[in-house]
**Q** 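Have a look at the structure that comes next, please.
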Amino acid sequence: MANPSILILPGDGIGPEVMAEVRKVIGWFGKNRDLNFDLSEDLVGGAAYDAHGTPLTDATMAKAQSVDAVLLGAVGGPAYDDLDFSVKPERGLLRLRKEMDLFANLRPAQCFDALADFSSLKKDVVSGLDIMIVRELTSGSYFGEPRGISDLPDGQRVGINTQRYTTNEIRRVARSAFELARKRGNKVCSMEKANVMESGILWREEVTWVHQNEYPDVELSHMYADNGAMQLVRWPKQFDVIVTDNLFGDILSDCAAMLTGSLGMLPSASLGVPMENGRPKAMYEPVHGSAPDITGQGKANPIACILSFAMALRYSFDNGDEATRLENAIETVLANGARTADLLGPEGGSPISTTEMGDVIIAALDASL
Ligand code: IPM
Ligand code: MG
């Protein structure tokens, strides 16, 4: 049987640096665990714009549709700030999400014991934290029509985006959340603004429908998203799985990420409907951005991107055991004190570089055999 295929899109900023470490890890699994992948690489974001005048070519889009999984680094950077909106780096990412129909974005926020002191919150609030945000990724105000900027008769301008959700869009992401909850703490909290938005009322009704008809065994609660943000910093351990829309999910997941101490630690998986081979359409990427301020200095933390590959092992390649092996290796190096610059607390210390972090993770993988 052919090896599963992965398209690597390193993108911009620190993307290529962290992806180089992921390649080491992928190579390790090939050599030591007989897990081989057919890797190809292409451009996305500003890098694609520089080469082709577009943040994602049709050819790259077609490749992404044909592989078993896409691994993406990061997109964007100040060099592209003045580009026309239609060719900004982020449009490449959004096109991938939309055309691959990656409707369920899984953003786990787990606090590694060794890092519990780094959170801006008290240690007992975050230690042992393990929550999963399921963010709807292909609809809502990111894609709703009408949208745009236009002139008003009185000389003003108006900017419009539309928050829009259909029954099926809500039901399918709700199912993803309930399925995940069954494998975890069996609790789902759904967040919207049903107190002010009709789309929020529909969201609440449809999530409730899916719950009553298909997942009555899972505990479901509802929260207004603003209260959800507050509860996330007050007592995050009350949550297991959170399901929410595209825009609220964008904001709440950044908030949840920081609970764990560093944005440099958090992976994500964006999943769509199953392909012919049974695997879901999938793209894996770190939650952090392209970090232009530290690009090219060897300071970037590759862990979020490496953990994204662990998610690929689990959700695309049905290999939870090897995913756990990789996650444990990361836990080990952190417990042993390995720190990239983002992981240094107020007391300082000497950070290791991006490649050194990759190397100690490989050494921990070796030790796991
Ligand atoms: C994210 C990012 C993206 C988003 C940007 C880069 C378009 O913030 O993945 O959370 O807003 O979805
Ligand atoms: Mg975001």
Side-chain angles (χ1 to χ4, degrees), residues 9-16 18-19 43-49 54-56 61 64 70-81 83-109 131-144 147 159 161-165 169 173 191 225 228-229 232 242-260 262-272 281-293 295 300 304-305 307-308 311-312:
L9 300 173
D12 306 323
I14 61 169
V18 295
M19 201 57 88
L43 302 173
V44 69
Y49 178 83
T54 164
L56 188 75
M61 187 65 239
V70 176
L71 218 54
L72 185 136
V75 296
Y80 309 103
D81 279 353
L83 288 185
D84 187 75
F85 185 74
S86 64
V87 289
K88 278 201 188 292
E90 291 78 7
R91 304 311 305 167
L93 178 59
L94 293 171
R95 180 175 176 201
L96 283 162
R97 291 174 177 173
K98 186 69 178 175
E99 291 190 20
M100 291 172 76
D101 198 20
L102 304 172
F103 62 89
N105 180 217
L106 280 44
R107 299 191 160 188
I131 60 183
M132 175 72 86
I133 297 194
V134 180
R135 166 189 179 193
E136 199 294 323
L137 203 60
T138 52
S139 185
S141 54
Y142 273 57
F143 297 100
R147 64 184 299 168
N161 290 93
T162 302
Q163 168 77 333
R164 179 182 192 278
Y165 272 104
E169 286 170 341
V173 73
M191 297 188 186
L232 266 174
I242 292 172
V243 64
T244 189
D245 77 16
N246 202 343
L247 183 59
F248 293 140
D250 181 44
I251 298 165
L252 294 170
S253 64
D254 263 31
C255 176
M258 206 55 214
L259 300 173
T260 68
S262 172
L263 212 48
M265 299 292 301
L266 292 201
S268 80
S270 305
L271 306 177
K281 279 257 169 184
M283 177 160 75
Y284 299 87
E285 51 177 312
V287 171
H288 64 68
S290 58
D293 53 320
T295 296
C305 205
L307 285 173
S308 299
M311 289 188 89

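First listed ligand is number 1; within each ligand, the first listed atom is number 1.
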**Q** Any idea which of Glu285, Arg107, His288 brings a heavy atom closest to atom 1 (C) of ligand 1?
**A**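 Comparing heavy atoms across Glu285, Arg107, His288, the nearest one to atom 1 (C) of ligand 1 lies in Arg107.
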**Q** Hey, is CZ on Arg95 packed in by over 12 heavy atoms from elsewhere, all under 6.0 Å?
**A**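 More than 12 within 6.0 Å, yes.
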**Q** Is it true that a side-chain atom of Thr54 and a backbone atom of Leu56 form a donor plus acceptor pair closer than 3.5 Å?
**A**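 Yes; judged by distance alone, with no hydrogens or angles, the pair exists.
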**Q** Quick check: does any side chain N or O of Ser270 sit under 3.5 Å from a backbone N or O of Ala282, one acting as donor and the other as acceptor?
**A**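 No.
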**Q** Does Asp254, backbone or side chain, put an N or O under 3.5 Å from an N or O of ligand 1?
**A**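 No, Asp254 has no N/O under 3.5 Å of an N/O on ligand 1.
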**Q** For the side chain of Gln163 and the backbone of Gly140, is there at least one donor-acceptor N/O pair under 3.5 Å apart?
**A**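 No, because the side chain of Gln163 does not come within donor-acceptor range (under 3.5 Å) of the backbone of Gly140.
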**Q** Of all the non-hydrogen atoms in the protein, which one sits nearest to atom 11 (O) of ligand 1, and at what distance?
**A**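 Here the closest protein heavy atom is Tyr142 OH, 2.5 Å.
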**Q** Taking heavy atoms and a distance under 4.0 Å, where does Arg91 meet ligand 1: side chain, backbone, both or neither?
**A**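 It is neither part, as no heavy atom is under 4.0 Å.
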**Q** Around atom 8 (O) of ligand 1, find the nearest protein heavy atom and jot down its residue, atom name and distance.
**A**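 Going by distance alone, atom 8 (O) of ligand 1 is nearest to Asp250 OD1, 3.3 Å.
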**Q** In Asp250, which N, O or S atom comes closest to the Mg ion (ligand 2)?
**A**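 Looking at Asp250, the N, O or S atom with the least distance to the Mg ion (ligand 2) is OD1.
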**Q** Step by step, would you call Glu136 with Tyr165 a side-chain hydrogen bond (donor to acceptor under 3.5 Å, both in side chains)?
**A** CA-CA 10 Å; Glu136 199 294 323; Tyr165 272 104; 2.8 Å; yes
**Q** Counting from 1, what ligand 1 atoms have a heavy atom of Glu90 closer than 4.0 Å?
**A**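 Under 4.0 Å from Glu90, ligand 1 has these atoms: 6 (C), 7 (C).
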**Q** Quick test of your reading of the model: are Glu99 and Lys281 salt-bridged, counting only N-O distances below 4.0 Å?
**A**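 No salt bridge links Glu99 with Lys281.
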